[in-house]
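Here is the structure we will look at, set down as structure tokens.
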Amino acid sequence: MTDINRVKLHIQLFGGLAISYEGKSVSIGKNKTSKYIQLLEIVWLCGEDGIARDKLVQILYDREEQSNLNNSFNNLIYQMHKQLKKSGLPEQEYIVNRDGIFYGDENVDIDLDALSFEQYVECARKSEDKAFAIEMYKKAFELYRFEILPELSTQEWVIIKSVQLQKMYSETVIALGNYYAEKRDFDSMLKLYKKAADLYPDDEWQIGVISALMGMEDYKEAYRVYNETVRYYTDELGVTPSNDLLACYDRMSRQITNMPSKILQIRDDIIERRESLDRNDNGAYDCSYPSFIDAYHILSRNMERTGQSVYMMLLTIVDYEGKRISNQSKLEIRGKLLQEAITYTLRQGDTFCKYSSSQFLVLLIGTSKESCKTVFRRILNKYKLLAGPRAEIEYSVVSLAELPEKLAVAK
């Protein structure tokens, strides 16, 4: 077949299957999860290496009871060709069997985004030319939109392939992020990490976003992203910020401290922050976990000088039997209600933060160990009023004077 008559298909797997031929979208069936479509996708993803028939059958019919897998597979091949013909694509084999190995048809040129992504990353890995490697990583980064085939996200073969591709994507982001940081190209660095953070908010790519913003000296936005990230981890994921994220906070704080600024600008930023807090909080100060650590250290240092007592209280959400709540939806609702109970029960001078999905930390100033029990009862009563009489919490307290001077609250 001449090049003019060759069939050329563009196949997109990132973010969902999409096929185009001669610039037009092509549908090879209404149900994108059909086995004959999976058959094509698996063979195309294997590229020049192909895939053994037995392995292909095993993947397609995994955990399914079939009386005659050989007939089922042959019928699947027939159904695939029938649907391809109905789609309006030129008549070709599209996949071929050579000595028990299935390959893509050599008369059909396949431009497959996931396969090209892998090839770009492999080229970058093997290249000794740094400039060429970076260009390959850039091409790979542009191709990756989201995980492959979300419509088949529960299929084992898709899960395995998605994990493999995500690791390569992480490698790509790290390589490009380091390159942009070295070049002090903070605009490109910011775009890179923003895209990565949008795709995978649980992977802490926000640290790269914050670093890029600091490089651009946009500290106000850096703080906003940081606080938003901490809130996401504590409120949505129910975990405390990692050591890497806390270290990012320290770097940000030190860098801002060393940057000269106009006193009026500083004053305006403080007033803006204070007005925001006044609008949203009428009770205790609800802060992020890192801010809680800072407050802890400040109060610890001032206790000896002022003689003022400070206690730290840990509140843990439990069920009416005193057991931890495993239902995450229920725990999220209870957490928000306890947060509200703490805010409006304690004084404005008290500070608290969400430590995990089921725990809150509270700093109580100018109180005694005996009165801490009274404070707890007030919080519990307010919590029961909001969440119901069967809602329960446990508590423990410790005086900051009893803790080692260098102790930092940690997970």
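Just so we're clear, the structure is a prediction, and the values are computed from it rather than from any experiment. Computation of the quantities below employed the complete heavy-atom set of this structure, encompassing side-chain atoms and omitting hydrogens, waters and symmetry-equivalent molecules.
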Would you find a donor on one side and an acceptor on the other, under 3.5 Å apart, between the side chain of [X] and the backbone of [Y]?
| X | Y | result |
| --- | --- | --- |
| Q92 | Y94 | no |
| D350 | L346 | no |
| Q38 | T33 | yes |
| S170 | Q166 | yes |
| K32 | E151 | no |
| D111 | H10 | no |
| T229 | V225 | yes |
| R6 | E106 | yes |

Any side-chain donor-acceptor pair under 3.5 Å between [X] and [Y]?
| X | Y | result |
| --- | --- | --- |
| T316 | Q359 | yes |
| N107 | E93 | no |
| N327 | S329 | no |
| Y232 | D202 | yes |

- Take V397 and M312 through the side-chain contact (heavy atoms from CB on, under 4.5 Å) test and state the conclusion after the steps. CA-CA 6 Å; V397 294; M312 182 167 65; over 6 Å; no
- Less than 6.0 Å separating the ring centroids of F376 and Y395?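 Close enough - the centres of the two rings lie under 6.0 Å apart.
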Does any part of the side chain of [Y], heavy atoms only, come nearer than 4.5 Å to the side chain of [X], both counted from C-beta?
| X | Y | result |
| --- | --- | --- |
| M189 | K194 | no |
| I95 | D105 | no |
| D286 | T351 | no |
| V96 | F102 | no |
| N97 | I77 | no |
| K195 | D198 | no |
| L13 | L115 | no |
| L165 | E147 | no |

Between [X] and [Y], which heavy-atom pair has the shortest distance, and what is it?
| X | Y | value |
| --- | --- | --- |
| S116 | L143 | CB-CD1, 3.7 Å |
| Y103 | R98 | CD1-NH1, 3.4 Å |
| A140 | T172 | CB-OG1, 4.3 Å |
| N31 | I37 | O-CD1, 3.3 Å |
| K384 | A391 | NZ-O, 2.9 Å |
| S27 | S87 | O-CB, 3.2 Å |

- Message: Among K336, K330, R334, exactly one meets salt bridge (charged side-chain N to carboxylate O under 4.0 Å, His left out) together with E332. Which residue is that?
- Response: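 Answer to the salt bridge (charged side-chain N to carboxylate O under 4.0 Å, His left out) test with E332 among K336, K330, R334: K336.
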Rounded distance [0.5 Å steps], [atom1] in [X] versus [atom2] in [Y]:
| X | Y | atom1 | atom2 | result |
| --- | --- | --- | --- | --- |
| Y137 | I174 | OH | CD1 | 9.5 Å |
| I110 | I11 | CD1 | CD1 | 5.0 Å |
| S358 | I317 | OG | CD1 | 6.5 Å |
| L17 | E41 | CG | CD | 5.0 Å |
| L338 | L386 | CG | CG | 9.5 Å |
| L213 | D218 | CG | CG | 5.5 Å |

- Item | Parallel, tilted or perpendicular: rings of F360 and F352 (30°, 60°) |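 Plane angle between 30° and 60°, so tilted.
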- Query: Parallel under 30°, tilted from 30 to 60°, perpendicular over 60°: which one fits the rings of F117 and Y144?
  - Reply: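 F117 and Y144: tilted rings.
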- Trace of the side-chain contact (heavy atoms from CB on, under 4.5 Å) decision for V398 with M313: CA-CA 7 Å; V398 63; M313 177 182 289; over 6 Å; no
- Could you point out which residue of V108, L112, L39 forms a side-chain contact (heavy atoms from CB on, under 4.5 Å) with W44?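 Exactly one option meets the side-chain contact (heavy atoms from CB on, under 4.5 Å) with W44, and it is L112.
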- Message: Checking R53 now: which residues fulfil salt bridge (charged side-chain N to carboxylate O under 4.0 Å, His left out) with it, not counting sequence neighbours?
- Response: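 R53: no salt bridge (charged side-chain N to carboxylate O under 4.0 Å, His left out) contacts found.
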- Message: Restricting to salt bridge (charged side-chain N to carboxylate O under 4.0 Å, His left out), what partner residues turn up for R224, sequence neighbours left out?
- Response: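 Listed in chain order: E221, E228.
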- Message: Does K161 form a side-chain contact (heavy atoms from CB on, under 4.5 Å) with V158? I'd like the steps, not just the answer.
- Response: CA-CA 5 Å; K161 192 66 181 180; V158 175; 5.8 Å; no
- How would you list all residue pairs meeting salt bridge (charged side-chain N to carboxylate O under 4.0 Å, His left out) that involve residues 120-137, not counting sequence neighbours?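 Of all non-adjacent pairs touching residues 120-137, those that pass salt bridge (charged side-chain N to carboxylate O under 4.0 Å, His left out) are E122-R125, R125-E171, K130-E182, E135-K138.
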- Query: Can we say E22 and K24 salt-bridge, meaning some charged N sits less than 4.0 Å from an Asp/Glu carboxylate O?
  - Reply: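 Here E22 does not pair with K24 in a salt bridge, since their nearest N and O are not under 4.0 Å apart.
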- Message: Between the side chains of R145 and D113, is the shortest nitrogen-to-carboxylate-oxygen separation below 4.0 Å, so that they form an ion pair?
- Response: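 A salt bridge is present here (some side-chain N lies under 4.0 Å from a carboxylate O).
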- Item | Derivation of the side-chain contact (heavy atoms from CB on, under 4.5 Å) call for M80 and L76 | CA-CA 6 Å; M80 178 202 71; L76 193 63; 5.9 Å; no
- Query: Is the number of heavy atoms from other residues, nucleotides or ligands within 6.0 Å of CD (E321) greater than 12?
  - Reply: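 Yes, enclosed.
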- Geometric cation-pi criterion, K191 with Y180: 6.0 Å, 45°: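 That pair does not qualify as a cation-pi contact.
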- Task: Please determine if K8 forms a cation-pi arrangement with Y21, meaning its NZ or CZ atom is less than 6.0 Å from the six-membered ring centre and no more than 45° off the ring axis.
- Result: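 Geometry flag: not set, cation outside 6.0 Å or 45°.
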